[in-house]
Amino acid sequence: MITDKQLKQLVEAAIFAAEDPVTLDQLLTGVLANFSLNKPRLRQVLDQLQDDYKERGVQLNEVASGFRFQTRAELGPALASMWSERAPRYSAALLETLALIAWQQPVTRGEIEAVRGVSVSTQIMKTLQERGWVKVVGHKEVPGRPALYATTKEFLNYFSIQSVADIPALGQPTETDTRERDTEEV
Amino acid sequence: MITDKQLKQLVEAAIFAAEDPVTLDQLLTGVLANFSLNKPRLRQVLDQLQDDYKERGVQLNEVASGFRFQTRAELGPALASMWSERAPRYSAALLETLALIAWQQPVTRGEIEAVRGVSVSTQIMKTLQERGWVKVVGHKEVPGRPALYATTKEFLNYFSIQSVADIPALGQPTETDTRERDTEEV
Amino acid sequence: MNSSLETLEQRDLAAEQSLQEQHSLPLGFVRGEPVLERPDDLYIPPEALELMLEAFSGPMDLLLYLIRRQKMDILDLPILDITRQYMAYVELMRELHLELAADYLVMAAILAEIKSRLLLPKPPSEEDDEEDPRAELIRRLREYEVIREGARQLDEQPQQDRDYFIASAATDARDIAGQTPPEVSLADLSLALSRVMQLVRVQAHHHIQREALSTRERMSAILERLSQVERCDFVSLFEPAEGKAGVVVSFLAVLELNKEGLIVLTQAEAYSVIYVTRAGAERVLEEGVA
């Protein structure tokens, strides 16, 4: 039989080794399959583990899809430097979508796609909205009631312009235009 | 300033959150950049962490390319049953090729074939490179300029060895081979 | 795993047969077939031979096996015996048209050559000078043996996802890191705008009016306002402080919104208040009134 200590080690290791959160059932039918164990007993083990990690850099949390270890919330900002390489540049597709929204607003995704001749990825629309540059101002009264997108005040503020009409017109390239333009996809 | 407890939590969380093993330098210039810390002090923290985890289901190990947490050795069989699909098995031909590259690196495919007495399949070389265990480090200046292969730190990490010398059979060079052997990763 | 191990152990070479060979061999298939138990009986069922050859990683491996089976040292390579046995296997492979044979044939040629040199009578005077014809093969066998043993030891090392697993924790730190979005210059935006304008010009062949920009923007502002209030007074859409130009822009925006069917203008009677509602909202309003 398995000792209490071994049992705790096994559950702990299984949760750490799993790529996704692990449910009680997954543990019972997986690593614990050979040790007839009931749920209340496993719950106890998990409670103990949660307690063990209370003061540690990672903690055992129960999320919607099961248990997982995650880094302590307060450490987030300090840990963020591990991934804070310079943000990649926005793709041409994203900027063109943004320009089209600015120009043709209020506009549906279908209308943007009609002009660009390619589908606009959900990721691009999400990025633009998360950035606060684009928002939904209504829905078009056609089948499917597609969202109508428009630019925001934050968008104007970011580019320090009063209105989208202030976006420099064609034929007046500034010196910054000559910069390298092979933007990376975000 | 950061307390000793916070420091330990931060290092612990960073190693758990990192995708690959983490070196002292990576920690010092990364998450710890804001806390003027020296290597001996960080070593102490890592020693303490190693100690903290001695009896746990996961342990802090130093492998070829840094520190990582990994599951306790005895738990391997029980855990493997949960993820049997994750454990690939390698053919004798692949392992021999890998051992030969580790032992005689940098080595050409022709040289591998000469020792094994059998042609090395392109599939094996592809698999070894895709796994990140073997890479081309140059070309031999002979007709055809064949690629010279060497093993990587990922290879050492995967097989839990610090250096090729940890494999006793490969530990000592053959009398026929006096070449520099420890072509470390660049 | 256990039953297959036992099967292998019957093969009198358990001590030297390497672990990884067991891996590559579909052992369940063999079912205790005494494939290698009868060294002198060269009858081997074709499918068993195929499996057996799979167990060997090449001619060197087969040679080593033949030597070990005779409990001989590589240094004493009994070339006549080994060559005879090796040729028998190769002959079988040829009969079975096994693809593996090519590399095995090269070794067969080497063995045959050594054998012939050994059998050739030598002038006694030269005997000391001439190198043992087996020397090169012995050297290769020893070198190969190191590799084979190295591969076996490598396979016994703790391997990721087999003997140990990487322990990792989820983190929200990555999302925090992702919160520094890329910078965009106004010039970049201008260039993107000119690209899409060009696209439209090519598609529509109509004149592009940049002046329309502010009208479109005003349309958005009106729509947004109408998403917050059910309806509003037409007059309230105009901001006198904006001056004449601003009023014109607002007026154009209302006309355009109406044309595109995005708003509905209602007026109970002449000169009464004109109400502006979102298209689709009027139904809700009417229901509310009724």
Side-chain angles (χ1 to χ4, degrees), chain B residues 12-19 21 31 57-61 68-73 75-77 79-80 82-83 85-100 102-104 112-119 157-161 164 166-171 174 176-177, chain C residues 1 17-25 53-64 100-107 110 136-137 139-174 177:
Chain B
E12 182 182 27
I15 299 173
F16 268 123
E19 277 113 40
V31 288
V58 296
Q59 302 186 306
L60 180 59
N61 279 2
R68 73 177 177 202
F69 280 100
Q70 63 187 64
T71 58
R72 197 181 183 83
L75 300 176
L79 293 170
M82 194 159 172
W83 293 289
E85 77 287 350
R86 266 161 74 175
R89 287 194 161 163
Y90 300 103
S91 67
L94 182 138
L95 288 167
E96 282 177 13
T97 305
L98 184 56
L100 191 50
W103 189 45
Q104 303 236 309
I112 299 167
E113 290 174 346
V115 175
R116 293 199 50 238
V118 65
S119 53
N157 292 344
Y158 188 96
F159 289 93
S160 315
I161 51 180
V164 177
D166 290 353
I167 305 295
L170 307 179
T174 47
T176 54
D177 193 272
Chain C
M1 183 78 181
Q17 199 72 19
S18 57
L19 234 145
Q20 64 275 17
E21 285 167 0
Q22 294 165 23
H23 289 165
S24 66
L25 191 64
L53 288 173
E54 260 177 58
F56 293 112
S57 76
M60 301 289 278
D61 204 12
L62 174 56
L63 263 189
L64 274 186
L100 278 171
D103 290 313
Y104 285 85
L105 288 176
V106 174
M107 181 57 70
I110 293 171
E136 169 63 11
L137 183 58
R139 187 196 64 77
R140 286 186 61 192
L141 279 169
R142 292 176 74 190
E143 190 174 24
Y144 171 73
E145 199 178 30
V146 171
I147 287 307
R148 203 182 65 169
E149 175 60 15
R152 195 189 61 75
Q153 289 173 359
L154 192 60
D155 197 42
E156 279 180 356
Q157 281 296 122
Q159 282 178 43
Q160 187 178 324
D161 293 344
R162 189 189 75 180
D163 307 299
Y164 71 89
F165 293 80
I166 300 294
S168 64
T171 185
D172 54 357
R174 201 187 308 242

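Please read these numbers as outputs of a predicted model, since none were measured by experiment. Values below: all heavy atoms of this structure, side chains included; hydrogens, waters and symmetry mates excluded.
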First locate atom [atom1] of [X], then atom [atom2] of [Y], and finally report the distance between them rounded to the nearest 0.5 Å.
X        : Y        : atom1 : atom2 : value
C/Leu154 : B/Leu95  : CG    : CG    : 6.0 Å
C/Ile166 : B/Asn157 : CD1   : CG    : 8.0 Å
B/Arg68  : C/Gln160 : CZ    : CD    : 6.0 Å

Do you know the tightest heavy-atom contact between [X] and [Y]?
X        : Y        : value
B/Ala169 : C/Glu149 : CB-CG, 3.6 Å
B/Gly117 : C/Pro59  : O-CG, 3.1 Å
B/Ala99  : C/Ala151 : CB-N, 3.8 Å
C/Ser57  : B/Ala92  : CB-CB, 4.1 Å
B/Tyr158 : C/Tyr164 : O-OH, 2.9 Å

Just wondering, do B/Trp103 and C/Glu143 contact through their side chains at under 4.5 Å, heavy atoms?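 Yes; the side chains approach each other to less than 4.5 Å.
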
Does B/Leu170 reach the side chain of C/Ile147, with side-chain heavy atoms less than 4.5 Å apart?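 Contact flag for B/Leu170/C/Ile147 side chains = yes.
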
Holding to side-chain hydrogen bond (donor to acceptor under 3.5 Å, both in side chains), I want the full list of residues that pass it with C/Gln159, two or more places apart in sequence or in another chain.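 By the side-chain hydrogen bond (donor to acceptor under 3.5 Å, both in side chains) rule, C/Gln159 matches C/Asp155.
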
So what's closer than 4.5 Å to chain B heavy atoms on C/Ser168: side chain, backbone, both or neither?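 Both parts, backbone and side chain.
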
Could you look at [X] and say if it's the side chain, the backbone, both or neither that has a heavy atom under 4.5 Å from chain C?
X       : result
B/Gln59 : neither
B/Ala73 : backbone
B/Ala13 : neither

Do you know which of B/Leu75, B/Leu79, B/Val58 has the most heavy-atom pairs with chain C at a distance under 4.5 angstrom?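 Highest number of pairs under 4.5 Å: B/Leu79.
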
Partners of B/Phe69 by ring-ring contact (aromatic ring centres under 6.0 Å, His included), sequence neighbours excluded? B/Phe16, B/Tyr53

Checking C/Arg140 side chain against B/Ala114 main chain: does a donor-acceptor pair fall under 3.5 Å? yes

